[in-house]
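Presented below is the structure to which this report refers.
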Amino acid sequence: MNLINFKKLCFLTFGLIFSQFLNAQEKYDLALVPYPSEVSIGEGTFVLKDKTQLYAENDAQRGSAMLFNTYINKRFGVSTSISSQRQVHTKINVSHDSNMENEAYSLSVKANEIVVKGGDAGIFYAFQTLIQLIEQRGNELHIPVVQIKDQPEYGYRGLMIDVSRHFRTLDEMKQIVDLMSHFKLNRLHWHLTDDQGWRLEIKKYPRLTQIAAWRDSTIIGQYGNFKPFIYDVVRHGGFYTQDEARELVRYAAERKITVIPEIELPGHSSAVLAAYPEFGSFDVVNGVVSKGNIAAKRENGQSYNNEISPYVPGYWGIHYNIFGPKEETFKFLEDVLTEVMAIFPSKYIHIGGDEVPKDHWKTSEIAQKVIKKNKLKDEHELQSYFIKRIEKFLNKNGRNLIGWDEILEGGLAPNATVMSWRGEAGGIAAAKMGHDVIMTPNSHMYIDHGQGKQADEPLFICCYLPLEKVYSYHPRPEDLSPEQQMHILGVQANMWTEYVPSFEKMQYMVFPRLLALSEVAWMAKDKKDYNSFAKVRMPKHLAELDQQNINFRIPEAIVEVNLKDGKKEVKLASSVAGSKIYYTYDGHKADRTAHLYRGPFLMPVHGEEQEPLKLKYIIVTPSNRESGIYTVEIE
């Protein structure tokens with residue numbers, strides 16, 4: 001076979017694959033994210049008008065209906081008329097179905113009536129589906145005739161927001177909750193404490209917000225880029241009062257989201273020990289740490305905090321500071337957790353437990369005495385002893401402990417739930433031991449990772465995590481038995497913020513990957529279809545986020561190449577509905593002076609001895625936001 005015939009065969013094969021791709025889309029005729037379990041589409045539409053009568057039988061349902069009203073009024077300027085009495089003119093009927101799980105729902109849209117049934121959370125999700133179904137046609141709002149039955153694959157569908165490294169306001173957190181609930185996520189893991197800042201008011205320990213909540217400056221650039229570090233000399237910090245935290249808990253609960261607080265221990269405690277050094281691993285006399293601490297090491301030209309510092313550090317990485325395993329420290333942590341539990345009704349309290357260097361414990365007389373007294377093998381077992389003490393306290397107060405997978409080291413606490421982040425190994429091991437697990441592997445679920453090359457993207461911590469890879473994740477490892485897989489409660493994405501100083505950048509890192517997470521968490525593995533998600537359903541939702549001024553990353557267009565009369569025909573489909581695409585193929589920069597895409601075009605013909613031409617393009621959204629320059633080699 002000569003080269004020309006081989007290329008023709010490749011194009012024909014691609015055409016066959018693409019036709020199969022089109023056929024696969026037929027089951028996804030509605031732009032819903034996540035896509036429901038069962039969908040049957042009929043003919044016609046229901047016209048939603050201002051003051052359409054809506055009947056809801058109890059307060060919970062009326063609460064969900066009121067949030068529905070708030071959304072459609074803000075976006076479309078209409079509202080339903082909610083009543084606790086069924087009337088002749090009632091067009092939308094909402095009722096509880098005791099045969100359904102709490103998060104399950106059914107939605108029946110006919111030309112003259114909408115019927116919503118489900119559990120309390122399911123009814124809220126049915127309204128979110130209704131919102132996504134609305135099509136604005138001139139001055140009218142149309143909802144297609146459809147029958148939907150739906151429920152989630154996983155009970156835990158989470159997003160972690162780290163506010164310790166960079167603080168986010170209460171209003172910003174509420175916007176995150178709004179978007180999470182719209183895409184049917186139900187757990188907000190709130191990372192409130194770390195080495196670089198403490199973010200929650202604790203009334204018994206005021207220095208946590210007077211001192212531990214603030215740092216004098218923060219390093220610039222990526223960790224290790226500058227030797228020694230260069231600091232921005234800008235004071236950073238903030239904290240939530242207990243009333244503000246309760247407000248977020250209430251706000252989230254209305255939207256069927258549980259807020260899970262994380263209070264880091266025994267490591268990631270530099271901010272606390274800057275305020276209260278007496279809770280470290282060494283004795284403190286008159287505010288001065290006693291001798292016995294190991295000497296400060298230097299790495300990348302920067303002194304690590306091996307000596308307890310009165311300052312909250314402004315650089316990243318793993319810090320050596322660690323809580324001391326003494327009664328005063330346990331009393332402090334129990335006092336803190338008592339106030340935390342009074343704010344957060346969540347069944348789970350997250351205690352971190354990750355990245356705990358044992359250097360201080362190895363040189364601490366206090367720690368070594370505890371090891372000897374309790375006949376522990378080493379510092380790893382001391383960590384297990386520490387966490388088991390905390391778990392016993394939480395269990396006594398009716399709460400369960402969650403920790404990162406390092407809590408497996410030295411022996412897992414009896415009732416602990418493991419959050420598996422260093423790949424899946426920790427989660428697999430915990431599930432085999434009979435412990436519940438939340439999968440959040442850094443390979444697929446760390447959305448602080450980059451969405452393109454570092455040179456083409458805003459600064460990110462490391463690694464490449466494109467949208468498609470997030471979408472590809474399946475939380476139930478195949479090497480677990482069906483019984484063991486039942487311990488996989490769900491999945492979570494993590495938004496660490498070392499390199500995310502602004503809310504706009506957080507939005508950019510979270511979206512559109514949160515939409516992919518939504519389908520990973522809600523849909524069964526065999527129901528997912530990335531091609532449909534990327535080409536048919538995501539573009540509509542990104543256009544809506546664009547309208548709401550959400551600063552998402554504009555994904556690459558879908559590029560299709562077909563052979564037409566011996567020439568390469570290129571089709572482009574934008575990742576954001578209603579966008580414009582400007583392109584070049586002569587090697588020059590793509591900007592708004594380039595060719596405006598109006599439909600399929602033919603690539604110029606070049607000799608076989610020449611390098612393949614590169615297509616460069618940008619996407620400009622309806623709100624006039626512009627993507628980076630994307631480059632595709634047209635083979």
Problem - Results of side chain to side chain contact (heavy atoms under 4.5 Å, CB included) for Phe167 - residues two or more places apart only - result: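 By the side chain to side chain contact (heavy atoms under 4.5 Å, CB included) rule, Phe167 matches Arg199, His236, Tyr240.
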Are side-chain heavy atoms of [X] and [Y] found at a separation under 4.5 Å?
X      : Y      : value
Tyr530 : Glu519 : no
Leu465 : Arg513 : yes
Asn69  : Leu54  : no
Pro622 : Val576 : yes
Ser420 : Met445 : no
Met439 : Glu424 : yes
Leu188 : Met173 : yes
Leu67  : Phe124 : yes

For [Y], is there any backbone N or O sitting under 3.5 Å from a side-chain donor or acceptor partner on [X]?
X      : Y      : answer
Thr169 : Glu172 : yes
Asp50  : Gly77  : no
Asp194 : Gln196 : no
Lys567 : Pro604 : no
Glu38  : Asp150 : no
Ser518 : Leu514 : no
Ser164 : Gly197 : yes
Glu140 : Arg137 : no
Arg187 : Thr258 : no

How far apart are the closest heavy atoms of [X] and [Y], and which atoms are they?
X      : Y      : value
Ile618 : Ala590 : CG2-O, 3.5 Å
Ala543 : Ala577 : CB-O, 3.5 Å
Ile619 : Glu556 : CD1-C, 4.3 Å
Leu517 : Val491 : CD1-CG1, 4.3 Å
Asn551 : Gln507 : N-OE1, 3.1 Å
Met538 : Pro512 : SD-CB, 4.0 Å

Spacing of [atom1] belonging to [X] relative to [atom2] belonging to [Y], to within rounding of 0.5 Å:
X      : Y      : atom1 : atom2 : result
Phe460 : Cys462 : CZ    : SG    : 8.0 Å
Cys463 : Asp448 : SG    : CG    : 8.5 Å
Ile558 : Asn531 : CD1   : CG    : 7.0 Å
Leu615 : Thr584 : CG    : OG1   : 7.0 Å
Ile554 : Leu542 : CD1   : CG    : 9.0 Å
Arg157 : Gln492 : CZ    : CD    : 12.5 Å

Handout entry: Pair Tyr223 + Phe229: ring centers closer than 6.0 Å
Key = yes
Handout entry: ring-ring contact (aromatic ring centres under 6.0 Å, His included) between His191 and Trp404, worked out
Key = CA-CA 12 Å; His191 186 81; Trp404 301 105; 7.3 Å; no
Without hydrogens or angle criteria, can the side chains of [X] and [Y] be said to hold a donor-acceptor pair below 3.5 Å?
X      : Y      : answer
Lys91  : Thr80  : no
Asp591 : Thr593 : yes
Tyr630 : Asp456 : no

Handout entry: Sole residue of Asp162, Asn442, Thr440 in side chain to side chain donor-acceptor pair (under 3.5 Å) with Asn494
Key =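 Result for side chain to side chain donor-acceptor pair (under 3.5 Å) with Asn494: Thr440.
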Handout entry: Whether Tyr583 and Tyr597 hold their rings parallel, tilted or perpendicular, with breakpoints at 30° and 60°
Key = perpendicular
Exercise for the section: Please work out which of the three classes, parallel, tilted or perpendicular, describes the rings of Phe511 and Phe183, given edges at 30° and 60°. Expected result: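 Correct class here is tilted.
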Practice task
Please say which of Tyr617, Tyr585, Phe601 ends up in a ring pair (Phe, Tyr, Trp, His ring centres under 6.0 Å) with His595.
Solution key: Tyr585
Exercise for the section: Test Tyr105 against Tyr125 for ring-ring contact (aromatic ring centres under 6.0 Å, His included), laying out the working first. Expected result: CA-CA 7 Å; Tyr105 70 90; Tyr125 295 137; 7.4 Å; no
Practice task
With side chain to side chain contact (heavy atoms under 4.5 Å, CB included) as the test, would you mind laying out the steps for Leu515 and Phe533 before giving the verdict?
Solution key: CA-CA 9 Å; Leu515 277 68; Phe533 168 80; 3.8 Å; yes
Problem - Worked verdict on Leu133 versus Ile143 for side chain to side chain contact (heavy atoms under 4.5 Å, CB included) - result: CA-CA 6 Å; Leu133 286 170; Ile143 300 174; 4.0 Å; yes
Problem - Lys/Arg-Asp/Glu bridge criterion (N-O < 4.0 Å) met for Glu153, Lys528 - result: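 No, Glu153 and Lys528 are not salt-bridged.
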Problem - Trace of the side-chain hydrogen bond (donor to acceptor under 3.5 Å, both in side chains) decision for Tyr464 with Glu457 - result: CA-CA 11 Å; Tyr464 176 46; Glu457 290 289 318; over 6 Å; no
Handout entry: Heavy atoms from other residues, nucleotides or ligands near CD of Glu633 exceed 12 (cutoff 6.0 Å)
Key = yes
Practice task
Flag this pair as yes if the NZ/CZ of Arg625 is under 6.0 angstrom from the six-membered ring centre of Phe552 and inside a 45 degree cone about the axis; otherwise no.
Solution key: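 Yes; both conditions hold, so Arg625 lies above the ring face of Phe552.
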Practice task
Check the pair Thr129 / Lys184 against side-chain hydrogen bond (donor to acceptor under 3.5 Å, both in side chains), numbers first and verdict last.
Solution key: CA-CA 9 Å; Thr129 299; Lys184 300 183 174 70; 3.0 Å; yes
Problem - Worked verdict on Leu459 versus Lys505 for side chain to side chain contact (heavy atoms under 4.5 Å, CB included) - result: CA-CA 10 Å; Leu459 176 65; Lys505 187 170 182 180; 3.8 Å; yes
